[in-house]
Amino acid sequence: MKKEETVKLISAEGFEFVVSKEAAMVSQTIRNMLTSPGGFAEAQHGEVTFPEITAPILEKICQYFYWSLQFASGKETEFHIEPELTLELMMAANYLHT
């Protein structure tokens, strides 16, 4: 994948997750950051920092992005969520509009 086809998502602890731009666009919030005409720094650098989202939660969110793309294309599989992550995932999903 070329650099312009990817987005770097950075957790509160500084962990970096490189995902395809198509996958990141599952999130309406990230889509707005990367495509709005307002000149967001995220669009210019291809990086989005989430100071309130921890690495384990952001990792699960990245997994969800790819799962969502597969589900949309007709591949129906289960998306397992560990019970201890549920509350934080719900809060992050609300922020990300996923």
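A quick note: this is a predicted structure, and the numbers were derived from the prediction, not measured.
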### Query
What distance do Glu52 atom CD and Met91 atom CE have between them, rounded to the nearest 0.5 Å?
9.0 Å

#### Entry: Distance-minimising heavy-atom pair for Ala12 and Pro51
CB-O, 3.2 Å

### Task
Would you indicate whether Glu22, at its atom CD, is surrounded by more than 12 heavy atoms from other residues, nucleotides or ligands within a distance under 6.0 Å?
no

### Query
Can Thr54 and Ser11 be said to form a side chain to side chain contact (heavy atoms under 4.5 Å, CB included), step by step?
CA-CA 5 Å; Thr54 62; Ser11 73; 6.0 Å; no

### Query
What distance do Ile61 atom CD1 and Phe17 atom CZ have between them, rounded to the nearest 0.5 Å?
9.5 Å

### Query
Should we count CZ of Phe79 as having more than 12 external heavy atoms under 6.0 Å?
yes

### Query
Which is it for Val26 and Tyr64 under the side chain to side chain contact (heavy atoms under 4.5 Å, CB included) test, yes or no, and what are the steps along the way?
CA-CA 9 Å; Val26 167; Tyr64 172 78; 4.1 Å; yes

### Message
I'd like to know if the side chain of Ser73 and the backbone of Gln70 have a donor-acceptor N/O pair within less than 3.5 Å.
### Response
yes

### Task
Taking only Lys NZ, Arg NE, NH1 and NH2, and the carboxylate oxygens of Asp or Glu, determine whether Lys21 and Glu5 approach each other closer than 4.0 Å.
no

### Query
Is there a donor-acceptor pair under 3.5 Å between the side chain of Trp67 and the backbone N or O of Cys62?
no

### Query
Heavy-atom distance under 4.5 Å between the side chains of Phe15 and Ile10, does that happen here?
no

### Query
Is there any salt bridge (Lys or Arg N to Asp or Glu O under 4.0 Å) pair reaching into residues 89-98, and which pairs are they, with sequence neighbours excluded?
none

### Query
Are more than 12 heavy atoms from other residues, nucleotides or ligands located less than 6.0 Å from atom CD of Glu13?
yes

### Residue pair Ser20 / Phe65, side-chain heavy-atom distance below 4.5 Å
no

### Query
Is there a side-chain contact between Val7 and Val18, using heavy atoms and a 4.5 Å cut-off?
no

### Task
Quick one: pull up OG1 in Thr49 and NZ in Lys8 and give me the separation to the nearest 0.5 Å.
9.5 Å

### Query
Should Tyr95 and Leu89 be regarded as members of a common hydrophobic cluster, given that ILVMFWY residues are connected when their side-chain heavy atoms come within less than 4.5 Å of each other, either directly or indirectly?
yes

#### Entry: Atom pair CD/CZ of Glu78 and Phe71 - distance to nearest 0.5 Å
11.5 Å

#### Entry: Nearest-0.5 Å distance, CG of residue Leu34 to CD1 of residue Ile30
7.0 Å

### Message
To the nearest 0.5 Å, what is the distance between CG on Leu96 and CG on Leu9?
### Response
8.5 Å

### Message
Quick one: does any side-chain atom of Ser27 pair with a main-chain N or O of Ala24 as donor and acceptor, under 3.5 Å?
### Response
no

### Task
Give a yes or no on whether a salt bridge exists between Glu88 and Lys60, defined as a side-chain N under 4.0 angstrom from a carboxylate O.
no

